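Below: the structure, in C-alpha cells.
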Protein chains: 2
Amino acid sequence: MIFEGGFEPRREPAEHASANAMAIMKDEPRSGCPIAATLDIVGDRWTLVILRDLFIGKKRYSDFLASPERITTNILASRLDRIARAGLASRKAYQTRSRRYEYELTDKGRDLLPILQAMSRWGNKHYPETFTPPASFMKARR
Amino acid sequence: MIFEGGFEPRREPAEHASANAMAIMKDEPRSGCPIAATLDIVGDRWTLVILRDLFIGKKRYSDFLASPERITTNILASRLDRIARAGLASRKAYQTRSRRYEYELTDKGRDLLPILQAMSRWGNKHYPETFTPPASFMKARR
DNA sequence: CGCTGTAACTTGCGCATTGCAAGTAACAAG
DNA sequence: CTTGTTACTTGCAATGCGCAAGTTACAGCG
C-alpha cells in the first residue's frame, strides 16, 4: 500500500457516462488519469511495437511488416493510420505523385522512449529468454 | 534514426509461424523482444489501469470497479484472473470459507512501476488536462 | 435459523475488432 | 507497354468487448 489517496480526482457518480465508449482514438478520455490517457493511445499489443521499430530506424510499411512479430497487413495499416493521426509519427510521401509514405517519429512519439525502455527492462528481468536491447537504446534520452 | 541494427534477433522466414496466434496469456511469445513480451502481458487498455489501482492501495473487486474509468464487471473479472495467473498480483481470501479475494502486488507486479511512471510523465506532458499524480508515486522505486 | 443486503462474479447477446487470405491499385523499372 | 513491387483494401470467420441482467455465497440482523 504505497500511494494511498491523492491519485484520482473526485468524480461524481452521476458523471460516469460510460468511459468505455470513449475508446482508443476517441476525443474524450475515460478519466483524467495520465496513465489511462496514455493507454487510450498506446494500449494495445501492436502500437508500441511499431513505435519501437520507428525508434530503430524503420520507415516504410514493408519494414514494419518484416518485423519478427509478423503483424498482419490490415492491422499494420490501421495502426499506422492511428499513429499518424495521434501525432506520434509524421507521414512523408516518398514518391513523386505518391500514395506511398515513410513514417518518422515526431517529438510526441519520441517522448514514448522511456516507456519502451522501462518495458525492455521489465521484459528482460521477468522473461530472461528475451534478447537484451542495445545499450544505446537503453541509454538514449530521445 | 537512432538505434539502427542490433535490435532484433535473426529469425529465419520459415520460422514465423503466425506470431499473432501466440496472444496475450499464451505460452509462446510472438518474438524474442522484451517490449513485445511485456505487451503480450500488459498490452491492453485495462491491465495497467488495474495495476495502477493496486499501486495506490486498492485491493478488492469493488475498489477497482469504483475507479473513474468505470470498467465493466466481466472485463474486470477477466483481467484480475489474468493478472493473478501472470503472477503480477497474488490472490488472498478474506473470508473464512472464501470465494472472495483481495489482490496484492507481487514483486513481478511491483516492477511495473517504472512503466506506469513513464506513462504518467508522457500523459501529463501531452495531455495537460490530465491530473498530476502525487510526487510520492512519481518518486517511488517500488 | 431464516431473511436480507452485499460483494463478486457469470451469462447471453449484439457489436466491434482481430487476423487470415486473397485481391486491388499505383508506382517504378525495364 | 508490361511486369514487379509496395501498400494497402476487402470479405469472412473467430474472438473479444461491453451492456444489462441474473446468480451465488457470504455476513449481519432480528
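Quantities reported herein were computed from a predicted structural model and do not represent experimental measurements. First the proteins, then the strands, lettered A, B, ... as listed; each starts at 1.
Whole-Å rounding puts the B/R70 CZ to D/dA20 C1' distance at 15 Å. If you take CG of B/N74 and P of C/dC15, they are 17 Å apart, rounded to a whole angstrom. Spacing between atom CD1 of B/I71 and atom C1' of D/dC17 amounts to 11 Å, rounded to whole angstrom units. Regarding A/I50, its CD1 atom lies at a distance of 12 Å from the P atom of D/dC8, rounded to whole Å. The NZ-C1' distance, from A/K58 to D/dA7, rounds to 16 Å in whole Å. Atom-to-atom, OH of A/Y101 to C1' of D/dT6 comes out at 14 Å; the value is rounded to the nearest Å. For the pair B/Q95 CD and D/dC26 C1', the interatomic distance rounds to 5 Å; values are reported in whole Å. Across the protein-nucleic acid pair, B/L65 atom CG and C/dT10 atom P stand 13 Å apart, rounded to whole Å.
For B/R79 and D/dC17, the shortest distance from a side-chain N or O to OP1 or OP2 is below 4.0 Å. Between A/Y94 and D/dA7 there is a side-chain polar atom (N or O) within less than 4.0 angstrom of OP1 or OP2. OP1 or OP2 of D/dG18 sits under 4.0 Å from a side-chain N or O of B/R45.
Side-chain proximity of A/A77 to the nucleotides D/dT9, D/dC19, D/dA7 is greatest for D/dT9. Distance from the side chain of A/R99 is smallest to C/dA26 among C/dA7, C/dA22, C/dA26. For A/W46, counting side-chain heavy atoms from C-beta on, the closest listed nucleotide (C/dG19, D/dG18, C/dA7) is C/dG19. Looking at the side chain of B/Y61, the nearest of the listed nucleotides C/dC20, C/dT10, D/dA27 is C/dT10. Minimum atom distance to the side chain of B/I75 is reached by D/dC17, of the listed D/dA7, C/dA8, D/dC17.
The base of D/dT9 is paired with the side chain of A/T73 by a donor and an acceptor separated by under 3.5 Å. The base of C/dT6 is paired with the side chain of B/R100 by a donor and an acceptor separated by under 3.5 Å.
A cation-pi arrangement, defined by a distance under 6.0 Å to the six-membered ring centre and an angle within 45 degrees of its axis, is present between A/R60 and A/Y94.
With no hydrogens or angles considered, no side-chain donor-acceptor pair links B/S90 and B/E104 at under 3.5 Å.
If you check every strand for non-hydrogen atoms under 4.0 Å, A/F64 touches nothing. Within 4.0 Å of B/S78, counting heavy atoms only, lies no atom of the nucleic acid at all. Residue contacts for B/S62: at a heavy-atom cut-off of 4.0 Å it reaches the sugar-phosphate backbone alone, with no base atom in range.
In this structure, B/R60 and A/T96 both approach DNA chain C, and ranking their closest nucleotides by distance from the 5' end singles out B/R60.
Aromatic ring orientation, B/Y127 versus B/W122: tilted (interplanar angle from 30° to 60°).
Between A/R79 and A/D44, at least one side-chain N (NZ, or NE/NH1/NH2) sits under 4.0 Å from a carboxylate O, which counts as a salt bridge. Contact check on B/R91 versus B/D81 returns a salt bridge, with a Lys/Arg side-chain nitrogen under 4.0 Å from an Asp/Glu carboxylate oxygen.
Proximity of A/T47 to A/I83: side-chain heavy atoms (C-beta onward) are separated by under 4.5 Å at one or more points.
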